[in-house]
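As structure tokens, the structure follows; a few thoughts come after it.
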Amino acid sequence: MTNKLTNKKALAVAVDVVSDYDGFTFAYEGNEYDLREVVAKLEGMIAALDNKAASTKRKPTAKQFENEGFKAKILDFLRANPNHFYTCTEIGKGIPELNDLNNQRISALMRGLKDDSLVEKVVEKGKSYFSAVVVEIERGGD
């Protein structure tokens with residue numbers, strides 16, 4: 001299997017090839033260029049790609065921030081009754097802040113909580129039920 005040639009890899013290859021001819025000049029479209037200038041320009045392009053990749057790690061959007069608040073409310077609700085399993089509909093009706101959300105959105109929030117191992121999901125006859133994960137801590141013997 002061959003690796004995909006990304007822009008960054010292509011620029012790195014070009015820098016390696018051009019660096020072998022350090023000190024040479026060449027003419028292009030009637031202008032003369034030093035290969036050191038080309039290497040500097042290519043390295044600048046690589047740095048710009050690195051900066052672009054680093055900037056994709058942005059702060060959460062308003063919707064993501066709102067969802068974290070909803071998740072906290074859901075966990076509080078489920079932890080209040082740790083031995084009870086609830087459907088998404090029951091969770092939506094049991095938490096006043098979630099009354100305006102549809103079941104699809106509540107289900108997405110629950111999936112996130114399940115993926116984070118904060119809730120347990122049980123499927124019975126095609127219906128999903130959720131409960132808070134209860135963590136028991138054993139204390140060392142005296």
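Heads up: numbering here begins at 1 and tracks the sequence.
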Residues at least two apart in sequence or cross-chain that pass side-chain contact (heavy atoms from CB on, under 4.5 Å) with K8, listed by chain then number, are T6, I46, L49, D50
Please find the pair of heavy atoms, one from Q64 and one from T61, that lie closest to each other, and give the distance.
OE1-N, 2.8 Å
Do you know the tightest heavy-atom contact between L118 and R79?
CD2-NH2, 4.3 Å
Minimum heavy-atom distance between T25 and E32, given as atom pair plus value:
OG1-OE2, 3.6 Å
Not counting sequence neighbours, which residues clear side-chain contact (heavy atoms from CB on, under 4.5 Å) with E66? List them please.
K63, F70, R105
Starting at CD1 of I91, measure out to CG of L109 and round the result to the nearest 0.5 Å.
9.5 Å
Which residues pass the salt bridge (Lys or Arg N to Asp or Glu O under 4.0 Å) test with E90, sequence neighbours left out?
none
Taken to the nearest 0.5 Å, the spacing of K9 NZ from K4 NZ works out to 9.5 Å
Partner of L101 under side-chain contact (heavy atoms from CB on, under 4.5 Å), picked from L98, N103, N99, is L98
Do other residues, nucleotides or ligands put more than 12 heavy atoms under 6.0 Å from the NZ atom of K93?
no
Pairs touching residues 122-131 that satisfy side chain to side chain donor-acceptor pair (under 3.5 Å), sequence neighbours left out
none
Quick one: are L75 and V119 in side-chain contact, heavy atoms under 4.5 Å?
yes
K73 NZ: over 12 foreign heavy atoms closer than 6.0 Å
no
By the ring pair (Phe, Tyr, Trp, His ring centres under 6.0 Å) test, which pairs, at least two apart or in different chains, include something from residues 84-126?
F77-Y86, H84-Y86
d(K121 NZ, L113 CG) to nearest 0.5 Å is 12.5 Å
Would you check if V15 and V39 make a side-chain contact, meaning some heavy-atom pair closer than 4.5 Å?
yes
Flag the pair M110 / C88 as yes when at least one side-chain heavy-atom distance between them is below 4.5 Å, and no otherwise.
yes
Can you name the nearest heavy-atom pair linking A14 to L42, along with the distance?
CB-CD1, 3.9 Å
side-chain contact (heavy atoms from CB on, under 4.5 Å) partners for Q104, two or more places apart:
N102
